[in-house]
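As a basis for the values below, the full set of heavy atoms in this structure was taken, side chains included, without hydrogen atoms, waters or symmetry mates.
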Amino acid sequence: MAKLSLPSGYDASRGWDAVLAWLPQKVDSIPVTPVGSDGVGLLQAASGGYSVKVHEASTGAIRWVGKPWTPPAEVSGAEGDGTDAAEIPDVTAVSAGGREYVVAWAHGMRGKDQLHNGREVVDLVVYPADSKGQDVAPAREISVPISARPGQVHVSGADGSLLVSWGGDGLYGTSAAKVDVSTGTITSFGKADALLPQCADTTGCSGSMVLSATSKGPMVAVGSGGFGVPGGWLSSDVKPAGVAAKSGFLGALNGRAYGVSGTNLLASWRTGKYGDASPVWAVHDTANGRIRAQMACAAKESSGSSGSSYAVVSSPNGRYLAAGPVAFDLETKKGVCLQGDGDRKTINVASISDAGVAYGAVEAADASDASGPVVAEVVLKTGASSVLKAGTEVPIAHVGDNGLMVRRDAADQVQVCLRRMR
C-alpha cells in the first residue's frame, strides 16, 4: 500500500490501492467511479480489450469482474498527440428502474473496413451493480449514433437515466440522447439550440447545451442566457426575488446555468442595472426549477458554448454541493463564497465529504506560477479554510467512509487509492 501524506481526517494506514497501468500519459478522465455506498468500479485492461472490476470500497475485496469487452475502433485523433489528451474508454454508474448499474463506455467506429465507411457510435456495456463472480456477462450492450471529435463526448448518469452528449468544448454537449439502461431504449434529443420553445423563431439560442436528462425531459442551458426543460419550466419563471428577467444591453434572458449534479442545477443570476454587480448563485430543483438555496458571490460565470470551468460536485449524501468557489449546504440553505476578495485568494472545490469538509486548490494569482498547486481544506458549516502542507493528497471523491485519491506512482502509472476516514 502506498505511503501517502493525507489530511488529518484520513487514516493513511487503512485502505488499499489499484494501478491502472494501461492509461496513456495524458488523459482528461480516469476510468474509476463510486458504485453505491461501498463500491468502486475500475476499468482495467484485459485480453482482447477491457474489463470492469468492482471492489468493495472499505476492504478492496473484488466483488465481481466483467467479461472482457472490445470497444469500437478509435476515431481519427483519439490517440492524442502529446499535447492533446488521448480519448480512452471510461466507466460510470447510474440508477434506473430502482436498480443500480455500472456502465463501461467508449466513443469510436463500428463496421469500418476497406469496403465500408462504418458508423460512429458511443458503445455502452451495462452490468447490474450487484453482480457476483468472474467473467460476468453484461445485461445488455447499447450503441448510440453520434458525430463528434475526440474529447467532445460525455456520458453521465442522473435522475434514473444515462445522458450521452457530444459537441462543444466544455463539460456538456450541444447534442444529446437519453438512454434507459434498464431497457436499452434510446431517446434522441437532437441539437440543444432548437429544444426550448422560445428558440424556434430566433437565432439567439446558438451555443445551447444539454446538461442532463431529467424525468420530464432534457435540461437545456441557452448559450446567450436562460435555461429550462422543454414543455416543463423556464428559468424566467423561477428567478430569485429581486432579480430582473433580462440582463445586459441586448436584453438576453437572465440566468446562466452552470452545471448539474443529481437533481440539482447550479445557476448564476446577474444583478445591477447592467449585470455589473455581484451575481446571485442559486441551486434549482431540476424537476420544477424551484430554488433550494441561494447567495450572492462574485465568482465568475460560465461563458456560453465554452461551458463551465469546474464540474459541479456533491457529497455522497447530497447535502453539500459546490462548483469552483461556490458551495452550498442544502440542508441549512446557506452558501459559502470562496471567491478571492482583496487579500484573500480563491479556493476551487474538487470534492466534499458527507461531513461537509471540502477539498480543493487555491487559485494562483499569476497563471505563470510554476510552484505547483496549493491544496486547501474548507469546513462548509463554518466557512473556515486552511492550507494543507505541500505534497498532501486530497480525495477526488468519497465512497462511504472512504476518500478516493488518484495519483501517479514512482513508475508514473496512475494509481487509485482508497483510505478510511477517521
Side-chain angles (χ1 to χ4, degrees), residues 22 29 31-37 39-56 62-75 78 87-112 116 118-148 153-166 173 175-190 210 212-218 262:
W22 63 271
S29 64
V32 56
T33 184
V35 180
S37 61
V40 176
L42 306 170
L43 195 62
Q44 291 283 19
S47 177
Y50 302 90
S51 181
V52 174
K53 185 178 291 187
V54 175
H55 296 256
E56 188 173 276
I62 297 175
R63 288 181 174 172
W64 58 268
V65 179
K67 185 177 180 179
W69 156 69
T70 302
E74 291 180 345
V75 297
E87 184 179 62
I88 60 171
D90 211 333
V91 65
T92 190
V94 61
S95 295
R99 194 175 185 186
E100 187 160 18
Y101 296 88
V102 179
V103 182
W105 66 272
H107 170 217
M109 300 294 297
R110 286 288 185 197
K112 184 176 181 179
H116 304 88
R119 57 194 180 98
E120 186 178 356
V121 297
V122 170
D123 272 3
L124 309 169
V125 186
V126 182
Y127 303 85
D130 57 1
S131 297
K132 294 180 181 179
Q134 300 287 322
D135 211 30
V136 174
R140 59 191 51 84
E141 298 185 37
I142 306 165
S143 287
V144 181
I146 73 161
S147 178
V153 181
H154 316 277
V155 176
S156 58
D159 207 7
S161 63
L162 201 72
L163 181 77
V164 178
S165 64
W166 60 94
S175 297
K178 171 183 175 179
V179 180
D180 184 338
V181 297
S182 64
T183 64
T185 302
I186 301 172
T187 304
S188 177
F189 295 141
V210 177
S212 72
T214 77
S215 58
K216 297 184 178 180

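In this structure, the side chain to side chain contact (heavy atoms under 4.5 Å, CB included) partners of Ile62, at least two apart in sequence or on a different chain, are Lys53, His55, Val65. Residues that satisfy the side chain to side chain donor-acceptor pair (under 3.5 Å) test with Ser29, not counting sequence neighbours, are Asp90. Residues forming a ring-ring contact (aromatic ring centres under 6.0 Å, His included) with Tyr50 (at least two apart in sequence, or on another chain): Trp22. Under the side chain to side chain donor-acceptor pair (under 3.5 Å) criterion, Ser182 pairs with Asp180, sequence neighbours left out. Evaluation of the ring-ring contact (aromatic ring centres under 6.0 Å, His included) rule for His154 yields no partner, not counting sequence neighbours. With sequence neighbours excluded, the residues forming a side chain to side chain contact (heavy atoms under 4.5 Å, CB included) with Thr214 are Asp159, Ser212, Lys216, Met219, Val229, Thr286, listed by chain and number. Annotation: side chain to side chain donor-acceptor pair (under 3.5 Å) contacts of Glu120 (sequence neighbours excluded): His107. With sequence neighbours excluded, the residues forming a side chain to side chain contact (heavy atoms under 4.5 Å, CB included) with Ser95 are Glu100, listed by chain and number. With sequence neighbours left out, the side chain to side chain donor-acceptor pair (under 3.5 Å) criterion links Thr185 to Thr183.
Heavy-atom minimum distance, Ala104 versus Trp69: CB-CZ3, 3.9 Å. The minimum heavy-atom distance between Val125 and Pro138, with the atom names listed, is CG1-CB, 3.5 Å. Residues Val35 and Gly41 come closest through the heavy atom pair CG2-N, 3.6 Å. Shortest non-hydrogen contact noted between Leu163 and Ala176 is CD1-CB, 3.8 Å. Taking both residues in full, the closest heavy atoms of Ala213 and Phe189 are given as CB-CE1, 4.1 Å, listed atom of the first, atom of the second, then distance. When all heavy atoms of Val32 and Val91 are compared, the pair lying nearest together is N-CG1, 3.7 Å.
With hydrogens and angles disregarded, a donor-acceptor distance shorter than 3.5 Å links the side chain of Thr70 to the backbone of Gly48. In this structure, Arg119 contributes its side chain and Gly111 its backbone to no donor-acceptor pair below 3.5 Å. Judged by distance alone, the side chain of Ser51 and the main-chain N or O of Gln44 form no donor-acceptor pair under 3.5 Å.
A 4.5 Å side-chain heavy-atom check between Ile146 and Ser175 finds every atom pair outside the cut-off. In this structure, Val153 and Trp105 have side chains that are in contact, with non-hydrogen atoms separated by less than 4.5 Å.
Considering Val102, Leu162, Val103 in turn, Val103 is the only one that fulfils the side-chain contact (heavy atoms from CB on, under 4.5 Å) rule with Val126.
For residues 122-137, every residue pair satisfying the side chain to side chain donor-acceptor pair (under 3.5 Å) rule, not counting sequence neighbours, is listed here: Arg99-Asp130, Arg110-Asp123, Asp123-Ser143.
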